[in-house]
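Step one of this worksheet: look at the structure below.
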Amino acid sequence: MSADDHRLIADCLRGETAAFGALVRRYQDRLYNTVYRLVDNAEDAHDVVQEAFLSAYQSLDGFKGDAQFFTWLYRIAVNTAISLKRKQRAVVSIDAGRNGESAIDPIDQSDLSRPGHALEQAEQERRVSQALSRLSPEHRAVLVMKDMEGQKYEMMAEVLRVPIGTIRSRLHRARLELRELLEKDEA
């Protein structure tokens with residue numbers, strides 16, 4: 001754990017709440033980006049990040065320091081996001097026909113060399129996002145963590161609290177399932 005994180009945690013445990021605010025400012029953007037990819041909704045991502053920080057604050061005295069503070073916080077946020085997706089699963093299937101559009105990141109306007117390229121890119125992102133949303137929370141989590149966030153297997157195993165072999169197995173199945181969904185949508 002970094003000396004600065006260690007100092008801020010110690011300050012926070014002594015009652016200096018501003019120290020936890022410094023930790024929040026340091027890590028909130030990184031957490032939000034990951035959580036947004038997991039829940040695919042800006043409002044839900046903000047809620048999950050806020051809940052993760054609240055949970056971390058309430059459990060800070062239980063943080064042993066044997067892992068990086070961010071890893072511990074990341075685990076809390078990912079598990080909170082997975083729990084949210086599990087709760088929403090039934091709701092999503094009911095609302096999908098009515099509200100099937102997903103949020104798309106702004107299109108990169110710098111690629112003007114080929115007409116229609118931006119539209120094709122946006123359509124591909126929409127298809128991938130919709131396919132991702134149909135995966136189980138566990139499969140979606142490993143895909144986002146590995147393929148979008150570039151996390152190492154060791155960190156993923158620590159965050160999700162499963163063996164590395166399970167991470168590899170889930171990742172393999174998730175990639176196959178995502179490919180099948182995309183091919184089915186294409187047909």
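Residue indices begin at 1 and follow the sequence shown. Basis for what follows: all heavy atoms, side chains included, without hydrogens, waters or symmetry-related copies.
- In this structure, CG in L38 is found 6.5 Å from CD1 in I82, a value given to the nearest 0.5 Å.
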Next item on the list: Could you check T71 against E158 for side-chain contact (heavy atoms from CB on, under 4.5 Å), going step by step and ending with a plain yes or no?
Entry: CA-CA 8 Å; T71 303; E158 186 177 335; 3.3 Å; yes

Next item on the list: Start with the C-alpha gap between R134 and Q130, add the side-chain angles, then the distance that decides, and say whether side-chain hydrogen bond (donor to acceptor under 3.5 Å, both in side chains) holds.
Entry: CA-CA 7 Å; R134 295 193 322 241; Q130 282 183 340; 5.4 Å; no

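- When all heavy atoms of L8 and A19 are compared, the pair lying nearest together is O-CB, 3.4 Å.
- Distance CZ/R30 to CG/L73: 9.5 Å, rounded to 0.5 Å.
- A distance of 8.0 Å separates CG in D4 from CG in L23, rounded to the nearest 0.5 Å.
- For the atom pair CE (M156) and CZ (R161), the distance works out to 16.0 Å, reported to the nearest 0.5 Å.
- For N41 against E43, the heavy-atom pair with the smallest separation is OD1-N, 2.9 Å.
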Please tabulate, one pair per line, all N/O donor-acceptor pairs under 3.5 Å involving side-chain atoms of residues 164-172, not counting sequence neighbours.
| residue | atom | partner | partner atom | Å |
| --- | --- | --- | --- | --- |
| S169 | OG | R173 | NH2 | 2.7 |

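- Looking only at side-chain heavy atoms (C-beta outward), T80 and V35 stay at 4.5 Å or farther from each other.
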Next item on the list: Go through the steps to decide whether Y27 and D5 satisfy the test side-chain hydrogen bond (donor to acceptor under 3.5 Å, both in side chains), and finish with yes or no.
Entry: CA-CA 11 Å; Y27 296 119; D5 281 357; 2.5 Å; yes

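- Under a 4.0 Å N-O distance rule, the pair D40/K85 does not qualify as a salt bridge.
- R140 CZ to L135 CG: the interatomic distance, rounded to the nearest 0.5 Å, is 7.5 Å.
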Check: Hey, mind stepping through V24 and Q28 against side-chain contact (heavy atoms from CB on, under 4.5 Å) and telling me if it holds?
Finding: CA-CA 5 Å; V24 169; Q28 68 184 353; 3.5 Å; yes

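- Taking every heavy atom of both residues into account, A131 and L181 meet most closely at O-CD1, 3.6 Å.
- At least one donor-acceptor pair under 3.5 Å links the side chain of R25 to the backbone N or O of G21.
- Between P163 and A157, the shortest heavy-atom contact is C-CB, 4.2 Å.
- A distance-only check finds no donor-acceptor pair linking the side chain of R127 to the backbone of D185 [under 3.5 Å].
- Under the side chain to side chain contact (heavy atoms under 4.5 Å, CB included) criterion, R37 pairs with V144, M148, E149, sequence neighbours left out.
- In terms of hydrophobic clustering, with Ile, Leu, Val, Met, Phe, Trp and Tyr side chains grouped at heavy-atom distances under 4.5 Å, M145 and L176 are assigned to different clusters.
- Atom CD of E177 and atom CG of L143 lie 9.0 Å apart (nearest 0.5 Å).
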Please report, to 0.1 Å, the donor-acceptor pairs under 3.5 Å made by any side chain of residues 49-60, with sequence neighbours excluded.
| residue | atom | partner | partner atom | Å |
| --- | --- | --- | --- | --- |
| S59 | OG | S55 | O | 3.0 |

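- Considering only heavy atoms from C-beta on, V48 stays 4.5 Å or farther from Y32 through its side chain.
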Margin query: What verdict does the side-chain contact (heavy atoms from CB on, under 4.5 Å) test give for Y74 and M155, after you've listed the backbone C-alpha separation in whole Å, the side-chain angles of each residue and the deciding distance to 0.1 Å?
Written below: CA-CA 10 Å; Y74 190 91; M155 181 172 177; 3.8 Å; yes

